[in-house]
Amino acid sequence: MSEMISGAEGLIKSLLSEGVDMVFGYPGGAIISVYDKLFDYQDKIRHILVRHEQGAIHAAQGYARITGRPGVVIVTSGPGAANVVTGLSDALMDSTPLVVISGQVASAFLGTDAFQETDVVAMTQQITKWAIQIRRPEDIPDAVARAFYIASTGRPGPVVLDIAKDAQIGMMEWQHKTCDYIRSYNPMPHVDSADVLEVAELLNNAKHPLILSGHGVAISNAEEELLQIAQTADIPVAATLLGLSTINSDVPQYKGMLGMHGNIGPNIATNKADVILALGMRFDDRVTGDAKKYALAPKIIHVDIDPSELNKNIKVFKAINADAKSFLSSLALFIKPNKHDEWNKLFEQCDKVEYDEVIMPEVHPNSGKMKMGEVVNAVTKAAGKGAVCVTDVGQNQMFASRYFKYSAPKSFISSGGLGTMGFGLPAAIGASMGAPDRTICLFVGDGGLQMTIQELGTIMEHGAKVKIVLLNNNFLGNVRQWQTLFFHSRYSQTHMLNPDFVALAAAYAIPGEDVTSREDLPAAIDRMLSHDGTYLLNVDIDASDMIFPMIPAGGTVDNIMLNENKKFSL
């Protein structure tokens with residue numbers, strides 16, 4: 001005879017069946033039955049009590065991004081569920097697998113405006129892969145199994161299970177459920193051999209080939225296949241923001257980052273290549289600029305597991321609905337050894353201009369207050385191989401993405417599509433929980449840090465190890481830059497009066513120090529990295545520092561600013 005248990009316990013046992021050993025959450029009345037039962041399973045599931053539900057979902061994102069496994073969040077109804085909406089939107093845009101479990105009022109009270117009732121399913125359907133309300137305890141095991149299957153297969157994303165109180169406390173006959181098939185859902189499309197052969201012929205015969213590596217390469221764990229093809233055929237590789245660390249920074253074929261603040265060579269090359277292989281990327285407007293003037297000459301082959309992305313933003317020569325790893329594994333068999341010395345000279349020329357005009361003044365300034373680029377460069381050199389770069393959003397994000405060096409997969413975690421300030425600190429906590437043996441370096445601005453600064457309490461309680469590099473310019477730096485360049489230096493509501501961050505960290509038993517001169521920076525970084533736990537460096541940054549190169553919004557990849565007054569030209 002099967003075991004009779006409560007729906008709440010059925011939920012916990014279902015999570016265990018999916019291999020869950022850590023959840024992020026915050027209790028409340030509508031989910032208290034689940035938390036009561038979780039008490040009995042503390043030896044099997046570690047619960048990380050955050051200080052705000054937004055912190056829970058961003059931490060789960062960091063955990064998912066570094067482990068490749070779905071992050072799990074448990075929150076209560078009403079405001080608890082509403083507080084994860086930003087994270088759900090972020091996870092959907094960045095293809096992050098999450099299973100979010102929200103409590104809900106009892107079925108009899110649905111639609112009555114009961115205390116802390118919110119229509120969670122209606123609220124989240126547009127920002128999830130699947131959202132369902134569960135009103136019967138016997139439906140919980142099947143719903144959990146389907147949730148993990150949907151969240152982690154195909155193009156990953158967030159799923160919401162909204163569980164009514166009576167489903168939590170009602171009794172059910174426990175039966176383990178698995179899910180590996182859903183009718184009309186095809187998460188792993190077939191790789192057509194004819195497509196593989198056609199692409200191989202195009203690349204083998206190309207004079208100026210270019211690979212664009214997106215987040216889909218990381219999600220499918222296709223880094224080795226990408227490297228093999230790039231090295232065999234000597235094909236330059238450029239990465240999107242979330243494609244960073246899909247190829248090591250020191251590989252000769254890696255040419256840098258695409259986009260508004262990307263490297264000059266990759267951006268210029270998109271209009272000079274004859275064949276472009278775009279892998280697991282969306283052709284986001286921050287990559288393309290003016291889409292009507294983007295990559296007009298090349299034959300673009302776009303490979304993406306999500307068919308809705310194909311021919312959506314950029315009309316391509318060949319659209320292939322496929323998983324990046326499956327496709328590249330087949331393609332590698334037909335790629336011929338090659339050299340593209342002349343083509344690589346374009347990147348060398350671009351790199352020289354960028355080094356002289358942008359990198360040298362930023363990384364090695366002669367005088368004045370510290371620059372963000374020099375700080376990031378100093379940290380990545382000291383941190384060494386295997387370190388993970390987590391960022392918040394803004395100038396800190398762009399400087400970190402440009403100057404951090406990547407030597408291992410899954411080494412860059414940031415909010416890409418949604419650009420969520422406040423993402424950085426909780427995401428770094430989740431990354432630390434998911435990969436406790438890796439060095440987690442968080443680059444954050446004073447604005448973004450204060451959006452989720454309460455999560456220092458989560459670090460204090462649960463012992464995450466995060467190296468917090470606060471690039472503090474007392475401004476909302478990215479907005480200030482736009483105000484400088486495009487709004488006649490009218491700094492409307494971008495200056496910030498900040499607290500004593502080191503004293504604030506100390507209140508949470510987190511050591512730290514103020515760094516006000518570049519002479520003190522190396523020793524401070526060493527103290528931070530050698531400390532066995534979280535450490536805060538509050539670095540005094542030049543408020544006038546701006547992130548370049550820059551393609552103005554709506555501009556073209558050929559319209560690159562080197563600084564306030566100078567544009568790129570070969």
Side-chain angles (χ1 to χ4, degrees), residues 195-196 198-217 222-223 225-244 246-249 251-260 262-284 286-289 291 293-304 310 313-320 324 327-328 331-332 334-351 353-354 549 551 556-558 560 568 570:
D195 287 339
V196 173
E198 183 181 356
V199 173
E201 183 176 4
L202 285 167
L203 289 174
N204 287 333
N205 293 317
K207 300 298 183 185
H208 304 136
L210 179 64
I211 295 176
L212 309 183
S213 181
H215 194 197
V217 174
E223 291 91 350
E225 292 80 3
L226 170 65
L227 179 63
Q228 179 185 346
I229 290 170
Q231 290 185 325
T232 298
D234 190 31
I235 301 176
V237 178
T240 66
L241 179 67
L242 296 189
L244 293 172
T246 55
I247 186 167
N248 288 4
S249 300
V251 171
Q253 286 75 24
Y254 177 61
K255 304 303 181 183
M257 186 174 73
L258 295 160
M260 176 177 281
N263 296 98
I264 294 172
N267 283 323
I268 291 293
T270 55
N271 274 348
K272 296 185 181 296
D274 53 3
V275 176
I276 290 178
L277 176 59
L279 301 166
M281 49 95 74
R282 301 184 292 117
F283 288 108
D284 174 76
R286 286 295 173 100
V287 165
T288 66
K293 298 179 181 179
Y294 178 81
L296 299 179
K299 291 181 177 178
I300 301 176
I301 304 132
H302 187 188
V303 180
D304 204 287
L310 301 173
N313 295 328
I314 297 294
K315 302 302 179 185
V316 300
F317 176 76
K318 189 167 187 64
I320 299 175
F327 182 81
L328 291 179
L331 181 64
F334 303 99
I335 291 296
K336 298 177 181 178
N338 207 338
K339 294 295 290 183
H340 294 101
D341 294 335
E342 286 300 315
W343 177 224
N344 279 307
K345 287 180 181 179
L346 169 69
F347 295 93
E348 294 169 5
Q349 291 175 300
C350 292
D351 288 347
V353 173
E354 185 169 344
I551 300 172
T556 72
V557 290
D558 294 321
I560 299 175
F568 169 78
L570 281 177

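Keep in mind that what you see is a predicted model, and the values were worked out from it rather than measured.
With values rounded to the nearest 0.5 angstrom, L212 atom CG is found 8.5 Å from T240 atom OG1. Rounded to the nearest 0.5 angstrom, L210 CG and L203 CG are separated by 10.5 Å. Residue I235 holds its CD1 atom at 12.0 Å from NZ of K339, rounded to the nearest 0.5 Å.
In summary, of the residues considered (N344, I247, L346, I264), a side chain to side chain contact (heavy atoms under 4.5 Å, CB included) with K255 occurs for N344 alone.
N267 and N263 get closest at one heavy-atom pair: ND2-O, 3.3 Å. When all heavy atoms of T246 and G214 are compared, the closest pair comes out as CG2-O, 4.0 Å. The nearest pair of heavy atoms linking I300 to A295 is CD1-CB, 3.7 Å. Taking both residues in full, the closest heavy atoms of F283 and V316 are given as CE1-CG1, 4.5 Å, listed atom of the first, atom of the second, then distance. Counting all heavy atoms, side chain and backbone alike, L331 lies closest to I229 at CD2-CD1, 3.8 Å. Closest approach of Q228 and A332 over heavy atoms only: NE2-CB, 3.8 Å.
No salt bridge links R286 with D284; every basic N to acidic carboxylate O contact stays at or beyond 4.0 Å.
Atom NZ of K318 is surrounded by more than 12 heavy atoms from other residues, nucleotides or ligands within 6.0 Å. The environment of E201 atom CD is sparse: at most 12 non-hydrogen atoms of other residues, nucleotides or ligands sit within 6.0 angstrom.
Panel note: side chain D274, backbone N205; no donor-acceptor pair is recorded below 3.5 Å. Looking only at distances, a side-chain donor or acceptor of H302 sits under 3.5 Å from a matching main-chain atom of M281. Between the side chain of H340 and the backbone N or O of D234, at least one donor-acceptor pair lies under 3.5 Å.
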For I560 and I268, what are the C-alpha separation, side-chain angles and deciding distance, and is it a side chain to side chain contact (heavy atoms under 4.5 Å, CB included)? CA-CA 9 Å; I560 299 175; I268 291 293; 4.0 Å; yes
Evaluate K345 against E342 for salt bridge (charged side-chain N to carboxylate O under 4.0 Å, His left out), listing each step before the verdict. CA-CA 5 Å; K345 287 180 181 179; E342 286 300 315; 3.0 Å; yes
May I have the step-by-step check of side chain to side chain contact (heavy atoms under 4.5 Å, CB included) for Y294 and V557, ending in yes or no? CA-CA 7 Å; Y294 178 81; V557 290; 3.9 Å; yes
Checking V199 against I320 for the side chain to side chain contact (heavy atoms under 4.5 Å, CB included) test, could you report, in this order, the C-alpha distance in whole Å, the side-chain angles of both residues, the deciding distance, and whether it holds? CA-CA 10 Å; V199 173; I320 299 175; 3.7 Å; yes
Step by step, would you call C350 with F568 a side chain to side chain contact (heavy atoms under 4.5 Å, CB included)? CA-CA 9 Å; C350 292; F568 169 78; 3.9 Å; yes
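Side-chain contact check for K272 versus W343: some heavy-atom pair is nearer than 4.5 Å.
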